[in-house]
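Only this structure's heavy atoms are used, side chains among them; waters, hydrogens and symmetry mates stay out.
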Amino acid sequence: MRRAQFRPCIDLHDGMVKQIVGGSLSDHGGPPRTNFISTRTPDYFAGLYRRDGLKGGHVIQLGPGNEQAARQALAAWPGGLQLGGGVHPGNAAAWLDAGASHLIVTSCVFADGELRRDKLAELVRLVGRERLVLDLSCRFRDGRYFIVTDRWQKFTRHAVQGELLRELADSAAEFLIHAVDVEGKQAGIDRRLLALLAEESPIDCVYAGGIASFDDIAAIEEAGQGKIHYTIGSALDLFGGQLSYREVVKHAALPPESANRG
């Protein structure tokens with residue numbers, strides 16, 4: 001069986017590394033609910049991940065004012081980190097030149113609640129399918145998981161389901177999916193969403209949201225059978241939580257059979 005990968009993160013808000021409760025970001029409702037604000041600069045975290053060989057992590061710009069910080073992180077590990085937040089055809093090449101291994105897109109492709117297939121095709125042409133990651137972060141409503149955009153504030157009309165996942169898989173290397181309803185709460189993972197992804201996604205996914213323990217990690221590994229990777233934010237001691245970053249790195253390096261034994 002393939003091994004699920006631990007994908008680290010650098011979330012940027014107002015130019016600083018932060019951990020924010022999912023769904024609390026708003027353009028009009030005041031500051032978001034924040035679990036952690038780091039005194040360290042983004043390049044510190046990028047350098048740490050580089051030292052530990054953790055490829056495929058992501059730098060996410062949560063709103064404006066983060067470009068300098070994002071470039072700082074990418075420069076600390078050229079080719080080791082993905083970049084998301086505000087990516088569009090006009091700046092895609094520049095972010096790749098800045099050192100991003102992949103570009104993560106949501107709002108550009110899901111505009112005004114609709115899937116813009118023309119924008120997606122343009123990005124594939126500019127970037128290449130193998131360097132494009134589609135952010136399908138979602139919230140649960142009316143019995144389905146709907147993709148949300150604009151810092152998870154706006155619902156699209158598109159639900160995360162087999163037909164859409166199969167269509168989008170032709171245009172992406174993988175999917176990044178935050179379970180927004182549990183994101184940043186350290187209260188457990190969304191097992192229903194995990195089961196859906198494991199059954200329906202034809203390509204690899206990176207899951208984020210609610211991971212608080214090694215039991216949660218084990219559940220992701222079991223559900224995904226090596227196809228669903230995971231990222232951990234607020235729960236890590238790097239970001240003020242109780243889960244040891246060093247132990248997570250050690251766990252991720254174990255062969256699957258050893259990891260499954262606990």
Side-chain angles (χ1 to χ4, degrees), residues 7 9-13 22-23 25-27 56-64 66-67 70 74 81-98 100-141 144-181 183 193 196-197 200-209 227-229 231:
R7 303 288 192 87
C9 63
I10 303 174
D11 291 347
L12 301 173
H13 183 256
L25 283 164
S26 174
D27 292 332
H58 53 265
V59 181
I60 301 294
Q61 301 180 93
L62 297 171
N66 294 300
E67 287 199 11
L74 296 176
L81 295 165
Q82 304 174 1
L83 183 281
V87 175
H88 54 77
N91 63 16
W95 281 119
L96 292 177
D97 290 343
S101 67
H102 297 68
L103 299 182
I104 305 168
V105 296
T106 311
S107 298
C108 172
V109 172
F110 291 92
D112 299 320
E114 298 290 338
L115 172 59
R116 290 289 306 274
R117 291 175 175 83
D118 57 333
K119 290 291 186 183
L120 180 56
E122 184 178 6
L123 282 165
V124 171
R125 179 177 59 81
L126 290 171
V127 175
R129 173 187 179 273
E130 69 281 358
R131 301 188 73 178
L132 193 64
V133 175
L134 292 180
D135 184 341
L136 306 183
S137 296
C138 54
R139 306 180 77 168
F140 194 72
R141 186 175 72 178
R144 293 191 291 173
Y145 290 95
F146 286 89
I147 297 168
V148 289
T149 66
D150 299 284
R151 297 179 299 286
W152 306 330
Q153 297 175 64
K154 298 179 181 178
F155 279 83
T156 71
R157 72 173 188 86
H158 295 280
V160 177
Q161 55 191 5
E163 182 178 357
L164 181 67
L165 293 174
R166 289 189 292 273
E167 176 185 355
L168 295 178
D170 291 333
S171 301
E174 63 186 23
F175 300 135
L176 170 63
I177 303 180
H178 290 77
V180 177
D181 295 319
E183 173 73 18
L193 177 58
L196 186 158
L197 298 175
E200 299 289 354
S201 179
I203 60 174
D204 283 11
C205 300
V206 180
Y207 170 88
K227 186 172 78 171
I228 300 179
H229 312 297
T231 188

(request) Tell me, please, which residues at least two apart from Thr156 pass side chain to side chain contact (heavy atoms under 4.5 Å, CB included). (result) Phe110, Ile147, Thr149, His158

(message) With rounding to the nearest 0.5 angstrom, report the CD1 to SG distance, Ile228 to Cys205.
(response) 5.5 Å

(request) Test Ile177 against every option in Leu196, Leu136, Val206 by the side chain to side chain contact (heavy atoms under 4.5 Å, CB included) rule and name the one that passes. (result) Leu136

(request) Please round to the nearest 0.5 Å and tell me the distance separating atom NE2 of His58 and atom CG of Leu83. (result) 11.0 Å

(request) For atom CG of Asp118, decide whether the heavy atoms of other residues, nucleotides or ligands shown that lie under 6.0 angstrom number more than 12. (result) yes

(message) Can you tell me how far apart CD1 (Ile104) and CD1 (Ile60) are? Round to the nearest 0.5 Å.
(response) 4.0 Å

(request) For Asp97, check salt bridge (charged side-chain N to carboxylate O under 4.0 Å, His left out) against everything at least two apart and list the hits. (result) none

(request) Mind checking the CG-CZ spacing from Asp181 to Arg141? Nearest 0.5 Å is all I need. (result) 11.0 Å

(request) Please collect all salt bridge (charged side-chain N to carboxylate O under 4.0 Å, His left out) contacts where either partner lies in residues 122-137, sequence neighbours excluded, each pair once. (result) none

Side chains of residues 162-170: which donor-acceptor pairs under 3.5 Å do they make with residues two or more places apart or in other chains?
from   : atom 1 : to     : atom 2 : distance (Å)
Glu167 : OE1    : Arg117 : NH2    : 3.3
Glu167 : OE2    : Arg117 : NE     : 2.6
Glu167 : OE2    : Arg117 : NH2    : 3.3

(message) Does any part of the side chain of Thr106, heavy atoms only, come nearer than 4.5 Å to the side chain of Ser137, both counted from C-beta?
(response) no

(message) Could you work out, with side-chain hydrogen bond (donor to acceptor under 3.5 Å, both in side chains) as the rule, every residue matching Tyr207, not counting sequence neighbours?
(response) none

(request) Return the set of residues passing ring-ring contact (aromatic ring centres under 6.0 Å, His included) with Phe175 (not counting sequence neighbours), or none when no residue passes. (result) none

(request) Check whether any side-chain heavy atom of Phe140 sits under 4.5 Å from a side-chain heavy atom of Leu193, and report yes or no. (result) no

(message) Under the criterion side chain to side chain contact (heavy atoms under 4.5 Å, CB included), I'd like the reasoning laid out for Leu134 against Leu120: C-alpha separation, chi angles, the key distance, then a yes or no.
(response) CA-CA 10 Å; Leu134 292 180; Leu120 180 56; 3.9 Å; yes

(request) Check side chain to side chain contact (heavy atoms under 4.5 Å, CB included) between Ala159 and all other residues, then give those that pass, not counting sequence neighbours. (result) Arg144, Phe146, Gln161

(message) The criterion is side-chain hydrogen bond (donor to acceptor under 3.5 Å, both in side chains); which residues satisfy it with Arg157, sequence neighbours excluded?
(response) Glu114

(message) Contact between Val87 and Gln61 at the side-chain level, heavy atoms closer than 4.5 Å - yes or no?
(response) no

(message) Would you compute the distance between atom CG of Leu176 and atom CZ of Arg7 and round it to the nearest 0.5 angstrom?
(response) 9.0 Å

(request) Can you measure from CH2 (Trp95) to CD (Gln82) and round to the nearest 0.5 angstrom? (result) 14.0 Å

(message) According to side chain to side chain contact (heavy atoms under 4.5 Å, CB included), who are the partners of Ala173, at least two apart in sequence or on a separate chain?
(response) His102

(message) Can you give me the closest heavy-atom contact between Ala111 and Cys108, atom names plus distance?
(response) CB-O, 4.4 Å

(request) Considering non-hydrogen atoms only, spot the tightest contact between Gly86 and Asn91 and give its length. (result) O-ND2, 3.0 Å

(request) Determine yes or no for a side-chain-to-main-chain donor-acceptor pair under 3.5 angstrom, with His88 supplying the side chain and Gly90 the backbone. (result) yes

(message) Suppose we screen for ring-ring contact (aromatic ring centres under 6.0 Å, His included). Which residues come up paired with Phe155, at least two apart in sequence or across chains?
(response) none

(request) Applying side chain to side chain contact (heavy atoms under 4.5 Å, CB included), name anything that partners Asp204, two or more places apart in sequence or on another chain. (result) Arg2, Glu174, Lys227, His229

(request) Might you point out which heavy atoms bring Thr231 and Cys9 nearest each other, and give the distance in Å? (result) OG1-CB, 3.7 Å

